[in-house]
Asks: 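Have a look at this one before I ask anything.
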There are 2 protein chains.
Amino acid sequence: MTSEALARALNTNPVVVRRLMGGLREHGYVHSEKGHGGGWTLSCQLDQVTLRDIYEALDAPRLFAIGNRSEETECLVEEAVNHAMSSVLADVKAQFLACFGQITLAALHADFHQRLAARHGPTTLCK
Amino acid sequence: MTSEALARALNTNPVVVRRLMGGLREHGYVHSEKGHGGGWTLSCQLDQVTLRDIYEALDAPRLFAIGNRSEETECLVEEAVNHAMSSVLADVKAQFLACFGQITLAALHADFHQRLAARHGPTTLCK
DNA sequence: CACTCTAGCAACACATGAAGTTACATGAGA
DNA sequence: TCTCATGTAACTTCATGTGTTGCTAGAGTG
């Protein structure tokens, strides 16, 4: 599948697709080929890869929209708050990764097929 | 304490302080007075208010930097991914609130004083 | 009554970061 | 050699949170 086709399906731009897929390629989850007949191919077992793997392959983008204003501070009040905050966010992030680590692509694949079967009417694929 | 003094201590702007404190006032955690000698006063028991209360009084700002691109979609793949994602984020947010709900302002207050005692040299307050 | 000091608030400006776009280079078939 | 694909850098756009200005209203002071 080409970046162009993926971009159309995802309602985005081929370059954005390449940027994202680049991370997945570095981890061996997909493979890309240039030139005629090129594009992206899957190169992993769906039951061996989790959302956590994907998240990390995508360079673990920032998870929280909140956080400490600064790590280094002179202010002892800020220090106390930062300490409490950091500790909570670290715990919560760990739980997040654990959850994502439980969800395999195979599970999503199965869920998709269930939804497809449940849908009435003609079964047109996403775009 | 005036918004102006708080803003100096927090390295920000009086208007920003008022915006934030407004949320706390609505929940009765602080009280404000206009005019000469006015400003902000605490009006709650520190051991009765948690970070969760503060977070919610501040209108529960967006917690995650990631999330579904859109809630409504035609695409069954996106639907499956959204479902998995939403479920994880909801669980994780619940844990976040639970943690924040355990941390009272009194605890932060105590932590601050411990840091103050532990600090060598003269004890100058934050600004 | 005039003056000053304070919060309240709306409207605007700025900063940051994510997402999208353009342009060009590189490699692989036809 | 032409076309089709990825790779990548640089730039633009957009969304969101933060900061700023300007004004109103209320409360004490002289």
Side-chain angles (χ1 to χ4, degrees), chain A residues 1-43 54-71 73 75 78 81-82 85 89 127, chain B residues 1-44 54-73 75 78 81-82 85 89 127:
Chain A
M1 200 163 188
T2 65
S3 305
E4 214 275 327
L6 280 168
R8 244 180 298 121
L10 296 169
N11 284 315
T12 182
N13 190 286
V15 178
V16 175
V17 171
R18 289 188 195 113
R19 274 210 283 256
L20 292 173
M21 299 294 276
L24 302 185
R25 185 187 48 223
E26 283 172 20
H27 287 254
Y29 302 140
V30 295
H31 172 75
S32 68
E33 270 184 48
K34 288 181 171 180
H36 245 98
W40 300 91
T41 48
L42 203 56
S43 59
I54 304 293
Y55 174 75
E56 286 168 346
L58 261 31
D59 247 7
R62 198 164 54 102
L63 178 58
F64 298 110
I66 63 173
N68 300 343
R69 277 175 76 98
S70 63
E71 289 311 320
T73 175
C75 176
E78 187 175 1
V81 174
N82 281 355
M85 179 89 107
L89 292 187
K127 295 248 156 140
Chain B
M1 203 164 184
T2 66
S3 305
E4 214 276 327
L6 281 167
R8 246 181 295 123
L10 296 168
N11 283 316
T12 182
N13 190 288
V15 178
V16 174
V17 171
R18 288 186 198 115
R19 272 210 282 257
L20 294 173
M21 299 292 276
L24 302 185
R25 183 188 48 222
E26 282 173 21
H27 287 253
Y29 303 141
V30 295
H31 172 77
S32 68
E33 272 185 47
K34 289 180 170 180
H36 243 101
W40 301 91
T41 48
L42 202 56
S43 60
C44 65
I54 302 294
Y55 173 75
E56 286 168 347
L58 262 30
D59 246 4
R62 197 163 54 101
L63 179 56
F64 298 110
I66 65 175
N68 300 345
R69 274 174 79 98
S70 62
E71 290 310 321
E72 278 308 304
T73 176
C75 176
E78 188 176 0
V81 174
N82 280 355
M85 180 87 109
L89 292 187
K127 295 250 159 128

Asks: Quick one, Thr41(B) and Val30(B) - any side-chain contact, counting heavy atoms below 4.5 Å?
Replies: no

Asks: Grab the CZ-C1' distance between Phe64(B) and dT16(D) for me, whole Å please.
Replies: 18 Å

Asks: Distance check needed: dT4(C) C1' versus Glu4(B) CD, whole Å only.
Replies: 15 Å

Asks: Scan Gly37(A) against the nucleic acid and name what it touches under 4.0 Å (heavy atoms): base, sugar-phosphate only, or nothing.
Replies: nothing

Asks: Find out whether Trp40(B) and Ser3(B) are in side-chain contact, i.e. whether some heavy atom of one side chain is under 4.5 Å from a heavy atom of the other.
Replies: yes

Asks: Measure the CG-CD distance between Asn11(A) and Glu78(B) for me, rounded to the nearest 0.5 Å.
Replies: 8.0 Å

Asks: Find the distance Met1(A):CE to dC4(D):C1' and express it as a whole number of Å.
Replies: 17 Å

Asks: Check the distance between dG7(D)'s P and Leu24(A)'s CG and give it to me in whole angstrom.
Replies: 12 Å

Asks: Are the side chains of Leu42(B) and Tyr29(B) in touch, meaning some heavy atoms are under 4.5 Å apart?
Replies: no

Asks: Would you kindly give the CZ-to-C1' distance between Arg25(A) and dT8(D), to the nearest whole Å?
Replies: 11 Å

Asks: Roughly how far, to the nearest 0.5 Å, is SG of Cys44(B) from NE2 of His27(B)?
Replies: 12.5 Å

Asks: Are any non-hydrogen side-chain atoms of Met21(A) and Leu6(A) less than 4.5 angstrom apart?
Replies: yes

Asks: Determine: side-chain N/O of Ser32(A) to OP1/OP2 of dT6(D), distance under 4.0 Å, yes or no.
Replies: no

Asks: Whole angstrom is fine here: how far is it from NE2 in His31(B) over to P in dA27(D)?
Replies: 10 Å

Asks: How long is the line joining CE of Met21(B) and P of dC9(C), in whole Å?
Replies: 14 Å

Asks: Do Leu24(A) and Leu20(A) have side chains that get closer than 4.5 Å, going by heavy atoms?
Replies: no

Asks: Write down the protein N/O and nucleotide N/O pairs, taken from nucleotides 16-21 of chain C, whose separation is under 3.5 Å; answer none if there are no such pairs.
Replies:
unit_1	atom_1	unit_2	atom_2	d
dG20(C)	OP1	Arg69(B)	NH2	3.1
dG20(C)	OP2	Thr12(A)	OG1	2.8
dG20(C)	N7	Arg19(A)	NH2	2.6
dG20(C)	O6	Arg19(A)	NH2	3.4
dT21(C)	OP2	Asn13(A)	ND2	3.1
dT21(C)	O4	Arg19(A)	NH1	3.4

Asks: Can you tell me if the side-chain N/O atoms of Thr2(A) get under 4.0 Å from OP1 or OP2 in dA5(D)?
Replies: no

Asks: What are the two closest non-hydrogen atoms of Asn68(A) and Met85(A), and how far apart are they?
Replies: OD1-CG, 3.5 Å

Asks: I'd like a table of atom pairs between the protein and nucleotides 27-30 of chain C - only N or O on both sides, under 3.5 Å - with the distance next to each one.
Replies:
unit_1	atom_1	unit_2	atom_2	d
dG27(C)	O4'	Lys34(A)	NZ	3.4
dG27(C)	N2	Gly35(A)	N	2.8

Asks: Rounded to the nearest Å, what distance is computed from the CZ atom of residue Arg18(A) to the P atom of nucleotide dA9(D)?
Replies: 14 Å

Asks: Would you find a donor on one side and an acceptor on the other, under 3.5 Å apart, between the side chain of Asn13(A) and the backbone of Ala7(A)?
Replies: no

